[in-house]
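Only one structure is covered here, and it is reproduced in the block below.
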Amino acid sequence: MKDILLDQDFTLLIEGIDFKLCDGNHQNQGLILLANKGEFRQFPFMGVGLLQYLHDERVGELKGDLTEQLQLDGMTVRKIKVSRQGQVEIDASYE
């Protein structure tokens with residue numbers, strides 16, 4: 001799936017006079033992982049809120065919530081691994 005590319009500050013990247021495009025899998029996974037519910041205006045229940053999980057030490061619940069959110073976004077989730085330190089490995093994509 002092609003999507004508009006954002007930089008680390010979530011600013012649109014422009015190449016020449018056009019938006020820079022990329023494969024949106026990893027970028028969308030990261031946005032869903034970082035966003036809190038309510039931050040996507042069109043989809044108010046979308047978002048995992050990773051920082052809240054880490055601050056509340058609820059890392060054990062992260063895998064289930066992330067799986068659900070990625071599936072709601074239309075991704076096929078093959079594997080998600082979450083360490084006790086909050087490191088996340090995602091194998092999911094739009095099919």
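Just so it is clear, the values below take in all heavy atoms, side chains as well, and ignore hydrogens, waters and symmetry mates. Keep in mind that this is a model prediction, so the values were computed, not measured.
A distance of 12.0 Å separates CD in Gln52 from CG in Leu34, rounded to the nearest 0.5 Å. Put simply, NZ on Lys81 and CG on Asp91 are 12.5 Å apart, with the number rounded to the nearest 0.5 Å. Here the CG-CG distance, from Leu6 to Leu31, works out to 6.0 Å after rounding to the nearest 0.5 Å. The distance from the CG atom of Asn28 to the CE atom of Met46 is 9.5 Å, given to the nearest 0.5 Å. Here the CG-CD1 distance, from Leu72 to Ile32, works out to 9.0 Å after rounding to the nearest 0.5 Å.
The main-chain N or O of Ala92 is found under 3.5 Å from a side-chain atom of Gln29 such that the two form a donor-acceptor pair. Remark: the backbone N or O of Ile4 is paired with a side-chain donor or acceptor of Gln27 at under 3.5 angstrom. Using modelled atom types, no side-chain atom of Gln69 and backbone atom of Val48 make a donor-acceptor pair closer than 3.5 Å.
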Contacts table for residues 7-15: side-chain donor-acceptor under 3.5 angstrom, sequence neighbours left out:
{"unit_1": "Asp7", "atom_1": "OD1", "unit_2": "Asp9", "atom_2": "N", "d": "2.8"}
{"unit_1": "Asp7", "atom_1": "OD1", "unit_2": "Phe10", "atom_2": "N", "d": "3.1"}
{"unit_1": "Asp7", "atom_1": "OD1", "unit_2": "Thr11", "atom_2": "N", "d": "2.9"}

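Residue-environment remark: OH (Tyr94) exceeds the threshold of 12 foreign heavy atoms within 6.0 Å. Open room surrounds CZ on Phe43; 12 or fewer heavy atoms of other groups in view lie less than 6.0 Å from it.
Among residue pairs with one or both ends in residues 64-76, those qualifying as salt bridge (Lys or Arg N to Asp or Glu O under 4.0 Å) are Lys37-Asp65; sequence neighbours excluded.
Under the 4.5 Å side-chain heavy-atom criterion for Ile, Leu, Val, Met, Phe, Trp and Tyr, Leu50 and Val77 are members of the same hydrophobic cluster.
Residues Asp3 and Leu21 fail the side-chain proximity criterion, which asks for heavy atoms closer than 4.5 Å. A 4.5 Å side-chain heavy-atom check between Asn36 and Leu51 finds every atom pair outside the cut-off.
For the side-chain hydrogen bond (donor to acceptor under 3.5 Å, both in side chains) test, residues two or more places apart in sequence or in another chain that qualify with Ser93 are Arg78, Glu95.
Residues Lys63 and Ile80 come closest through the heavy atom pair CE-O, 3.1 Å.
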